[in-house]
Structures are given as C-alpha cells and as structure tokens.
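Both backbone and side-chain heavy atoms feed into the values below; hydrogens, waters and symmetry mates do not.
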Amino acid sequence: MARINDVGGTQGFGAIDTADDTEPFHADWEARVVGLFNTLRAQGVFNTNEFRDAIESMPPAAYLAASYYERWFTAIVALLEAKGVLEPGELDD
C-alpha cells in the first residue's frame with residue numbers, strides 16, 4: 001500500500017515549483033531541527049531509516065498540511081516518544 005509521500009503519477013497536486021531557492025532555512029527553528037536531527041542520529045538515538053519511516057508514517061492530512069521541516073520535527077518527536085526519551089504528549093504544551 002502506498003503512503004501519502006508516494007505520489008508518483010498522482011494527478012491533482014498542481015505544478016511543481018522548479019525555481020531554485022538559495023536559502024536552506026527560512027526561520028531559525030528550521031536550522032535547529034536539522035541540528036537536533038544530526039545530534040540525535042549521531043548519538044544513536046535513531047537512524048536515518050527510522051527517521052524516514054516516521055515521516056512517511058504521518059497521517060496523510062498532517063503530512064500534506066506540514067512544511068518540510070515540520071515533518072522533520074514531527075518525526076523526531078514521534079521517535080523520541082517511541083523510544084521512551086520523551087513521555088507521550090510531553091511537548092504538547
């Protein structure tokens with residue numbers, strides 16, 4: 001069964017923006033999410049395959065509504081909760 005990120009051949013998503021974006025981050029929090037990812041991965045808390053799977057496991061509506069780095073943050077939180085580093089819902093406030 002295809003996941004929401006697997007949209008190959010799917011119609012209705014509109015044109016792809018092919019303009020080059022020279023800025024890697026548009027807000028400070030995005031760079032912090034990348035730093036968090038790199039640190040946790042280097043510490044062995046999770047690996048890249050687990051991270052990818054966590055992003056691809058997001059509910060379709062949440063996946064489509066989220067920005068690129070919002071998906072990263074959602075996946076990191078899900079992995080930290082699954083591995084017992086965070087209590088479920090600890091960051092909800």
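With a 4.5 Å cut-off on side-chain heavy atoms, I76 and F46 count as touching. Looking at heavy atoms from C-beta onward, L40 lies in side-chain contact with L80 at the 4.5 angstrom threshold.
R71 contributes a side-chain N or O that, together with a main-chain N or O of A66, makes up a donor-acceptor pair within less than 3.5 Å.
For E70, the side chain to side chain donor-acceptor pair (under 3.5 Å) criterion is met by S67, not counting sequence neighbours. Residues that satisfy the ring pair (Phe, Tyr, Trp, His ring centres under 6.0 Å) test with F73, not counting sequence neighbours, are absent from this structure. Taking E81 as the reference, nothing meets the salt bridge (charged side-chain N to carboxylate O under 4.0 Å, His left out) condition, with sequence neighbours excluded.
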Determine all donor-acceptor pairs shorter than 3.5 Å in which one atom belongs to a side chain in residues 24-37; sequence neighbours excluded.
{"residue": "H26", "atom": "NE2", "partner": "D21", "partner atom": "OD2", "Å": "2.8"}
{"residue": "E30", "atom": "OE1", "partner": "H26", "partner atom": "N", "Å": "2.6"}
{"residue": "E30", "atom": "OE1", "partner": "A27", "partner atom": "N", "Å": "3.4"}

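Ring geometry for W72 versus Y68: interplanar angle of 30 to 60°, hence tilted.
Scanning both residues, F51 and L79, for their nearest heavy atoms gives CA-CD1, 3.7 Å.
Pairs of residues two or more places apart, or lying in two chains, that qualify as side-chain hydrogen bond (donor to acceptor under 3.5 Å, both in side chains) and include a residue from residues 33-50 are E50-K83.
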